[in-house]
Amino acid sequence: MLPDAARLRARVEQTAAEILARAGYERIATPSFEDTELFERGVGHSTDIVRKEMFTFEDKGGRSLTLRPEGTAPICRAYVEHGMQALAQPVKLAYAGPFFRHERPQAGRYRQFHQLGAEAIGSDSPLADAELIGLLAEILAELGVPGVKLHLGSLGSFEARQAYLAELKEHLRANEGELSKEVRERIDANPLRAFDSDDEGTQAVMATAPKLVERLEGEDAEHFAAVRALLDAAGVAYVIDPTLVRGLDYYTRTIFSFVCDRLGAQSEIGGGGRYDGLVEQLGGKPTPAVGWAAGIERIMLALDEEQAAPGRDVFIAVAEGGQELRARAHVLAGELRKAGFSAEIDLGGRGLKGQFKQADRVGARRVVILESEGAQLRDMSSGEQRSVDTGNLIEEITADNPVEETAGGEA
Ligand code: HAM
């Protein structure tokens, strides 16, 4: 990641961190790799992630380890291992960091990518679903991501889903000849993934397949209705998507996907859902939970921002090439930085004209020009220039440029 992208990424991460912190989501970080079994059990043996996309290796002790392809299973592992069930529930967590999947790289799809995410573990309330969905909507809106649409669905609980799955498998078998090889092979293991296929024959079969949201009953139907009502009340727009499925096996009830029409083939900017069985599956007590993750690179692609110069409070130039003036510039820059200003000097031996060019490139708001006798202070936006007393420079700059407003330059 190069500096222009780093500045945008810092803005994305900061915006998310602030919005999540205001809602009480505390930061968590898990290791870059974990026991392979965690992902096999957590994400699911029949998923693409586990079947084909994990970077798995053996350590010197012969243990199988995997670079984390996602963050939810590791967080649930940490929740169980560190006794977080003893804390006030739900435990609300936020994270950002690198993840790894051995996929075919293309725009918006990388083998190392970055997610930001949030999880609420220990609440079965539809309020938790609605809160989390609302927070991702708010983050994307605050960042100004254009063309975002929220798709909402529900998978029902594991138990309630079984009757539907039997019906779906029957439909797939009745039309087996038209299905892609991959879907045909997974009729038993993962029939829901057929909804996600880009194979034309499969898509035609799925158009007439029974839909799970239309089969929801009892508490599953009530939960879905409550989530929708909460989103309506909060003014979060969504479309119900009866064909929505996700690439991880742990989801129950609510699932959602934020897509962006500026992203081409990899259009999902973020998504998630409820995973009421995962903590128990990883050895904890039965614990309902819900969360999401969003792709930082995809957010950055969608923003497609032209990066402005980074911005500095002061650039200190020297009027002549002598070492003495350059040494004074070096000392003065240190003093300005200690006083809270962002300040740069020329490290490239440029002449005065070159130093002004450099000041422009870094977006300096003012340039101090050190002369053998005295100094000039130039405001780069107005072009105004005046003599200043070098003994008094920090006071002069502080007077028309209070540190609180400008320290660190523009983000
Ligand atoms: P996921 O849908 O697999 O969910 O990934 C979440 C987001 O990560 C995607 O929407 C996408 O923006 C980004 N992403 C995924 N793969 C790549 C890639 N190869 N290159 C770039 N971006 C990518 C999860 O990972 C779940 N853990 C989400 C979750 C949290 N569910 C509940 N809690």
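If you read the sequence from its start, that first residue is 1, and numbering goes on from there. We count ligands from 1, going down the list as the structure has it; atoms in each ligand are counted the same way.
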I need the nearest protein heavy-atom contact for atom 32 (C) of ligand 1: residue, atom name and distance, please. Gly291 O, 3.2 Å
Is it true that the side chains of Asp199 and Ser180 contain a donor and an acceptor less than 3.5 Å apart? no
Say whether Tyr250 and ligand 1 are in contact under the criterion: heavy-atom distance to a ligand atom below 4.0 Å. yes
Ligand 1 to Tyr95 polar contact by distance, N or O atoms, under 3.5 Å: no
For Leu248, the ligand 1 atoms whose distance to one of its heavy atoms is below 4.0 Å: 3 (O), 4 (O), 24 (C)
Can you find a pair of side-chain heavy atoms, one from Thr36 and one from Met54, that are under 4.5 Å apart? yes
Within a distance under 4.0 Å of any heavy atom of Arg246, pick out the atoms of ligand 1 and give their elements. 1 (P), 2 (O), 4 (O)
Report yes or no: does Gly117 have a heavy atom closer than 4.0 Å to ligand 1? no
Is the distance from the ring center of Phe33 to that of Phe57 below 6.0 Å? yes
Will you find, in the side chains of Ser381 and Arg365, an N or O donor that is under 3.5 Å from an N or O acceptor? no
Could you tell me if the side chain of Ile345 sits less than 4.5 Å from the side chain of Leu347, heavy atoms only? yes
If you have a sec, work out which protein heavy atom is nearest atom 14 (N) of ligand 1 and how many Å separate them, to one decimal? Phe113 CE1, 3.6 Å
Compare Arg101, His102, Glu103 and give the one whose heavy atom is closest to atom 19 (N) of ligand 1. Glu103
Using a distance-only test with no angle check, is there a side-chain donor-acceptor pair under 3.5 angstrom linking Gln358 and Arg361? yes
Arg109, any N or O under 3.5 Å of ligand 1 N or O: no
Identify, by atom number and element, the atoms of ligand 1 in contact range of Gly108, meaning under 4.0 Å from any of its heavy atoms. 20 (N), 21 (C), 22 (N)
I'd like to check which ligand 1 atoms, numbered from 1 as shown, lie under 4.0 Å from a non-hydrogen atom of Glu70. 25 (O), 26 (C), 27 (N)
Report the member of Tyr275, Tyr251, Tyr110 with the shortest heavy-atom distance to atom 29 (C) of ligand 1. Tyr251
Is it the case that Ser64 and Glu58 place a side-chain donor and acceptor less than 3.5 Å from each other? no
Distance alone, cut at 3.5 Å: any donor-acceptor contact between the side chains of Glu119 and Tyr275? yes
Distance, nearest 0.5 Å, that separates CG of Leu87 from CD1 of Ile121: 10.5 Å
Which atoms of ligand 1 have any heavy atom of Trp292 under 4.0 Å away? 29 (C), 30 (C), 32 (C), 33 (N)
Tell me the protein heavy atom at minimum distance from atom 13 (C) of ligand 1, and give that distance in Å. Gly295 CA, 3.7 Å
Check this for me - ligand 1, Glu297, N or O atoms closer than 3.5 angstrom, yes or no? no
By number and element, which atoms of ligand 1 are closer than 4.0 Å to a non-hydrogen atom of Gln115? 5 (O), 6 (C), 7 (C), 8 (O), 24 (C), 25 (O)
Short N/O distance, under 3.5 Å, between Glu268 and ligand 1? yes
Compute the minimum heavy-atom distance from Gly247 to ligand 1 and say whether it is under 4.0 Å. no
Just to confirm my output: which protein heavy-atom neighbour is closest to atom 11 (C) of ligand 1, and how far is it? Arg298 NH1, 3.4 Å
Does a donor on one side chain sit under 3.5 Å from an acceptor on the other, for Thr56 and Thr66? yes
Does a side chain donor of either Asp129 or His223 reach within less than 3.5 Å of an acceptor in the other side chain? yes
Test: Arg173 and Glu167 ion pair at under 4.0 Å: no
Close-contact set for ligand 1 against Gly272 heavy atoms, below 4.0 Å: 31 (N)
Geometry only, no angles: is Ile269 polar-contacting ligand 1 at N/O separations under 3.5 Å? yes
If we number the atoms of ligand 1 from 1 as shown, the ones under 4.0 Å from a heavy atom of Glu119 are 30 (C), 32 (C), 33 (N)
Validate the cation-pi geometry between Arg378 and Phe356: distance from NZ or CZ to the six-membered ring centre under 6.0 Å, angle to the ring axis within 45°. yes
